[in-house]
Amino acid sequence: MLTTRFAPSPTGYLHLGHAAAALFAWRHAKETPSGQGGGRFLLRLEDIDPMRCTQAYADAICEDLTWLGLAWDGAIRTQSAHLPDYRAALDRLAARDLLYPCFCTRADIAREAARSAAAPHESPPNSAAAAPYPGTCRHLCASERAARLAAGHNHALRLDTARATAEATAIAGPLTYHERTEGRLACHPARFGDIVLARKDAPASYHLCVTHDDAFQGVTLVTRALDLKPATAIHRLLQTLLGWPEPHYAHHPILRGPDGKRLAKRDHATTLRDLRAAGATPAALLARAAIDLQAPFKPA
Ligand code: GLU
């Protein structure tokens with residue numbers, strides 16, 4: 001059965017961009033004819049960041065989706081309730097020597113990147129656009145690493161992406177993924193450098209949790225905004241290393257405001273509840289949020 005999901009982080013109220021993402025996933029599931037097995041639409045709350053996520057926002061997400069009429073199937077998966085699952089996946093990668101502790105602060109990384117003339121830029125933790133980590137802690141000798149761990153230095157866990165890619169390629173050949181309107185595309189995980197799989201301030205990262213949960217929940221079509229399309233390379237790498245099934249992908253355009261800028265929680269984009277309070281109906285909002293399911297979408 002075709003299974004899609006909507007996977008917001010409860011760090012703010014939903015806006016029209018979220019409605020578009022949820023509707024895109026919901027329609028892919030619900031418009032799959034029963035003759036083709038039908039579809040399921042799941043809801044997952046990606047709340048592993050304890051500093052930014054709140055129960056009030058999680059409750060509001062459920063309320064807004066219900067008001068829109070985008071009912072989800074089955075139980076909601078709440079990531080913070082499943083931390084041992086992510087730990088177990090990290091342990092499997094660590095046992096193959098594919099992870100290393102990284103003690104660098106943001107300032108260390110910025111300094112190192114500036115030295116190698118690759119200017120770092122601010123970007124969200126799950127963004128594909130972050131400047132790759134310069135690999136400083138990958139070069140620590142075993143005794144230095146052990147001493148810092150023994151001294152309790154705060155650290156993240158990074159994937160040794162080059163080694164991981166070599167291992168995955170040995171398992172499955174060159175990595176590719178299936179984009180719904182484009183067919184098979186090549187994956188280039190190296191451009192991300194050594195990505196963080198467990199953060200200093202959160203026990204797991206977006207890339208690890210999203211890949212784990214899509215496999216665990218039986219998601220067969222991952223739908224999400226085009227800005228995350230490059231991250232698919234990392235997700236295919238993790239799926240291959242961990243023996244998880246490969247979903248198909250359908251990345252959709254990002255809804256923009258009248259100023260042409262992406263609607264974003266941090267810019268206080270008009271929330272669904274504000275629009276509702278101002279008298280908007282679910283039908284009117286869904287009409288504004290509708291994205292043509294069949295159109296081919298490529299990054300601008
Ligand atoms: N929690 C992610 C976000 O809100 C979901 C990304 C995805 O669907 O993979 O951006």
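In what follows, residues are counted from 1 in the order of the sequence shown. Numbering of ligands and ligand atoms starts at 1, following listing order.
- Counting atoms of ligand 1 from 1 in the listed order, those under 4.0 Å from a heavy atom of Ser9 are 1 (N), 4 (O).
- No part of Val222 comes within 4.0 Å of ligand 1, judged by heavy-atom distances.
- Tyr177 is not listed as a side-chain neighbour of His235, based on a closest heavy-atom distance of 4.5 Å or more.
- Side-chain contact between Glu63 and Trp67: absent, with no pair of heavy atoms (C-beta onward) separated by less than 4.5 Å.
- Using a 4.0 Å cut-off to heavy atoms of Glu46, the atoms of ligand 1 that qualify are 1 (N), 2 (C), 5 (C).
- Compare Tyr206, Phe6, Tyr249 by their heavy atoms: the one nearest to atom 9 (O) of ligand 1 is in Tyr206.
- For the atom pair Gln55 CD and Asp47 CG, the distance stands at 8.0 Å (nearest 0.5 Å).
- Against a heavy-atom cut-off of under 4.0 Å, Arg224 is close to the following atoms of ligand 1: 7 (C), 8 (O), 9 (O).
- Within the 4.5 Å cutoff, no side-chain heavy atoms of Pro101 are placed close to those of Arg148.
- Within ligand 1, the atoms closer than 4.0 Å to a non-hydrogen atom of Val210 are 9 (O), numbered from 1 in the order shown.
- Distance check, rounded to the nearest 0.5 Å: CG of Asp73 to CZ of Phe41 gives 8.5 Å.
- Chaining together hydrophobic side chains whose heavy atoms lie under 4.5 Å apart places Phe103 alongside Leu140, Leu149.
- By the 3.5 Å distance cut-off applied to N or O atoms, Thr223 is not counted among the residues near ligand 1.
- Between Ala7 and ligand 1, a contact under 3.5 Å exists for at least one N or O pair.
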